[in-house]
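A short worksheet on the structure shown next.
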Amino acid sequence: MDIGVVLQCDPPAMGVVELAKRAEAAGFSHVWTFDSHVLWQEPFVIYSKILADTERVVVGPMVTNPGTRDWTVTASLFATLNEMYGNRTVCGIGRGDSAVRVLGSRPTTLAELRECVQVIRELGNGRAVRLHDRNLRFAWAPGSRLEVWVAAYGPKALALTGEIGDGYILQLADPDIAAWMITAVRSAAQQAGRDPDGIKFCVAAPAYVGDDLAHQREQTRWFGGMVGNHVADIVARYGTGGAVPTVLTDYIKGRKGYDYAAHGRAGSTHTDFVPDEVVDRFCILGPVRAHLERLAELKDLGVDQFALYLQHDAKESTLAAYGKHIIPAVS
């Protein structure tokens, strides 16, 4: 199993680069970042410096969206980085959340996401694509190679992922929910005539290594609020009749809203509705032993990568613990 890390693009940008360098030295395979250009700094600029200062890690957004950049611009960004640094990028993408909502917009439709994935992947792999009644191709990037991994929770988005995604990103680390979601993606792939085993599965969630579980919960409770924000959209569309596992729909009943100014940050007041049980299920907390046990469960489900969100007050020590004790045991 690969182990990646997810960073916020908080200033100073060079601090993000330094964390990425530490992650590579510790054995991490991927460095992902949030992509929300109003809340944080622009990730693609930072990717270039990370790639220049490292030798092995793959970089990409968790996740970008079809709405904030022209699709051909996004594809060109990836293809340029690949030409400069040797095909070390991956495109994580979804319908859009904070990046579009803080602009007063809404997530794109699944039809738009489907077309966007195909455009970015074809251009990012040096192939021609038809867009706006024109045939387009990056003649300067014949050697670029790019996978597109789709983030999804709802049933239609999961089906789309199975039909067209190179990979699937699930933003929570509960094995029962992961099994449900992965099965849905694999089923959709099989129905579309694709090889389900050809899709890569990535589970992403906060991880905090230590013994003070109460403190770790308070540092990572924000994640339950972030997931709940996505689930609220699904419930609004499908109701609570089984479109997603009930553990997801039940806990958001006390949700009262979401403050994007505190998106992805410890201490968020809008996460008071998230109970300890959900924090424990969605995140990986506790001593090294607890992390190894959960990762073993996820690996048995077919998860290819665990990407840990590093938005808490123990960034360096958690990176070090994963590098010393966890990555060698699961690789």
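Just so you know, these numbers use all the heavy atoms, side chains as well, and skip hydrogens, waters and symmetry mates.
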Thr220 side chain to Gln216 backbone, donor-acceptor under 3.5 Å: yes
Any side-chain heavy atom of Val209 sitting closer than 4.5 Å to one from Pro287? no
Using 30° and 60° as the class limits, which term best fits the ring planes of Phe78 and Phe44: parallel, tilted or perpendicular? perpendicular
CG on Asp174 to CD on Glu277, rounded to 0.5 Å: 9.0 Å
Would Arg130 and Asn135 count as a side chain to side chain donor-acceptor pair (under 3.5 Å) if you check the C-alpha gap in whole Å, the side-chain angles of each, and the deciding distance to 0.1 Å? CA-CA 5 Å; Arg130 186 76 174 172; Asn135 293 320; 3.2 Å; yes
If you look at every heavy atom in Gly167 and Ile199, which pair is closest and at what distance? CA-CG2, 3.8 Å
Determine whether the side chains of Thr54 and Tyr85 contain a donor N or O and an acceptor N or O closer than 3.5 Å. no
Working to the nearest 0.5 Å, report the span between OH of Tyr168 and CG of Asp304. 13.5 Å
Check for me, please, whether Leu146 and Val73 land in the same ILVMFWY cluster - side-chain distances under 4.5 Å, paths through other members count. yes
Would a 4.5 Å heavy-atom cut-off, applied to side chains only, mark Asp97 and His263 as touching? yes
Less than 4.5 Å apart, any side-chain heavy atom of Arg134 and any of Leu131? no
Work out which heavy atom in Asn87 is nearest to a heavy atom in Ser144; give both atom names and the distance. OD1-CA, 3.4 Å
Which value, rounded to the nearest 0.5 Å, describes the distance between Thr108 atom OG1 and Leu113 atom CG? 5.5 Å
Shared hydrophobic cluster for Met62 and Val100 (ILVMFWY, side-chain gaps under 4.5 Å): no
Side-chain heavy-atom pair Met181, Pro245 within 4.5 angstrom cut-off: yes
Distance-minimising heavy-atom pair for Tyr251 and Gly228: OH-N, 2.9 Å
Looking at Gln171 and Val227, would you say the former's side chain and the latter's main chain have a donor-acceptor pair under 3.5 Å? no
Presence of salt bridge, Asp272 and Arg221, under 4.0 angstrom: no
Hey, does Phe34 have a side-chain heavy atom less than 4.5 Å from the side chain of Pro61? no
Test side chain to side chain contact (heavy atoms under 4.5 Å, CB included) on Leu298 and Met1 and set out the steps. CA-CA 9 Å; Leu298 294 171; Met1 176 188 282; 4.2 Å; yes
Under 3.5 Å, is there a donor on one side chain and an acceptor on the other for Trp32 and Gln305? yes
Hey, can you pull the donor-acceptor pairs under 3.5 Å for the side chains in residues 156-164, sequence neighbours left out?
{"unit_1": "Thr161", "atom_1": "OG1", "unit_2": "Ala157", "atom_2": "O", "d": "2.8"}
{"unit_1": "Glu163", "atom_1": "OE1", "unit_2": "Arg114", "atom_2": "NH1", "d": "3.2"}
{"unit_1": "Glu163", "atom_1": "OE1", "unit_2": "Arg114", "atom_2": "NH2", "d": "2.6"}

Whether Asn82 side chain and Arg145 backbone form a donor-acceptor pair below 3.5 Å: yes
Residues Ala207 and Tyr322: closest non-hydrogen pair is CB-OH, 3.6 Å
Answer yes or no: is there a side-chain heavy-atom contact under 4.5 Å between Arg127 and Arg121? yes
Let me see the working for Arg217 and Leu285 under side chain to side chain contact (heavy atoms under 4.5 Å, CB included), right down to the final yes or no. CA-CA 8 Å; Arg217 286 169 175 158; Leu285 311 176; 4.0 Å; yes
Side chain Glu122, main chain Val129, donor-acceptor under 3.5 Å: no
Under 3.5 Å: donor-acceptor pair, side chain of Ser331, backbone of Pro328: no
CD of Gln311 to CE of Met226, rounded to nearest 0.5 Å, is 8.5 Å
If a pair satisfies side chain to side chain donor-acceptor pair (under 3.5 Å) and one of its residues is in residues 188-204, list it, with sequence neighbours excluded. Glu147-Lys200, Ser187-Gln191
With a 6.0 Å cut-off (strictly less than), is the heavy-atom count around CZ of Arg56, excluding the residue itself, greater than 12? yes
Evaluate the criterion side chain to side chain donor-acceptor pair (under 3.5 Å) for residue pair Glu112 and Thr109; output intermediate values, then yes/no. CA-CA 5 Å; Glu112 290 171 316; Thr109 66; 3.3 Å; yes
Do Asp35 and Arg69 meet the salt-bridge criterion of a basic N to acidic O distance under 4.0 Å? yes
What is the minimum heavy-atom distance between His312 and Ala314, and which atoms define it? ND1-N, 3.1 Å
Taking side chain as C-beta onward, heavy atoms only, is Leu81 less than 4.5 Å from Tyr47? yes
Take Phe201 and Phe306, measure what side chain to side chain contact (heavy atoms under 4.5 Å, CB included) needs, and give me the verdict at the end. CA-CA 9 Å; Phe201 293 96; Phe306 172 64; over 6 Å; no
Would you list the atom pairs, donor with acceptor, under 3.5 Å between side chains in residues 3-20 and any protein atom, with sequence neighbours excluded?
{"unit_1": "Gln8", "atom_1": "NE2", "unit_2": "Gly264", "atom_2": "O", "d": "2.8"}
{"unit_1": "Asp10", "atom_1": "OD1", "unit_2": "Trp40", "atom_2": "NE1", "d": "3.3"}
{"unit_1": "Asp10", "atom_1": "OD1", "unit_2": "Arg265", "atom_2": "NH2", "d": "2.8"}
{"unit_1": "Asp10", "atom_1": "OD2", "unit_2": "Arg265", "atom_2": "NH1", "d": "3.4"}
{"unit_1": "Glu18", "atom_1": "OE2", "unit_2": "Lys21", "atom_2": "NZ", "d": "3.2"}

Does CD belonging to Glu316 count more than 12 external heavy atoms closer than 6.0 Å? yes
Got Val58 and Ser29 here, is their nearest side-chain heavy-atom distance under 4.5 Å? no
Over all heavy atoms of both residues, which pair between Arg294 and Asp280 is shortest? Give the atoms and the distance, please. NH2-O, 2.7 Å
Spacing of Leu136 atom CG and Trp71 atom CH2 [to the nearest 0.5 Å]: 12.0 Å
More than 12 heavy atoms from other groups under 6.0 Å of NZ on Lys49: no
Could you check whether any side-chain N or O of Ser76 sits under 3.5 Å from a backbone N or O of Thr72, counting only pairs where one atom can act as donor and the other as acceptor? no
State plainly whether one hydrophobic cluster holds both Met84 and Ile50, where clusters connect Ile, Leu, Val, Met, Phe, Trp and Tyr through side-chain heavy atoms under 4.5 angstrom apart. yes
Rounded distance [0.5 Å steps], CG in Leu103 versus OG1 in Thr68: 7.5 Å
Apply side chain to side chain contact (heavy atoms under 4.5 Å, CB included) to Tyr208 and Ile284, showing your working. CA-CA 7 Å; Tyr208 192 132; Ile284 305 183; over 6 Å; no
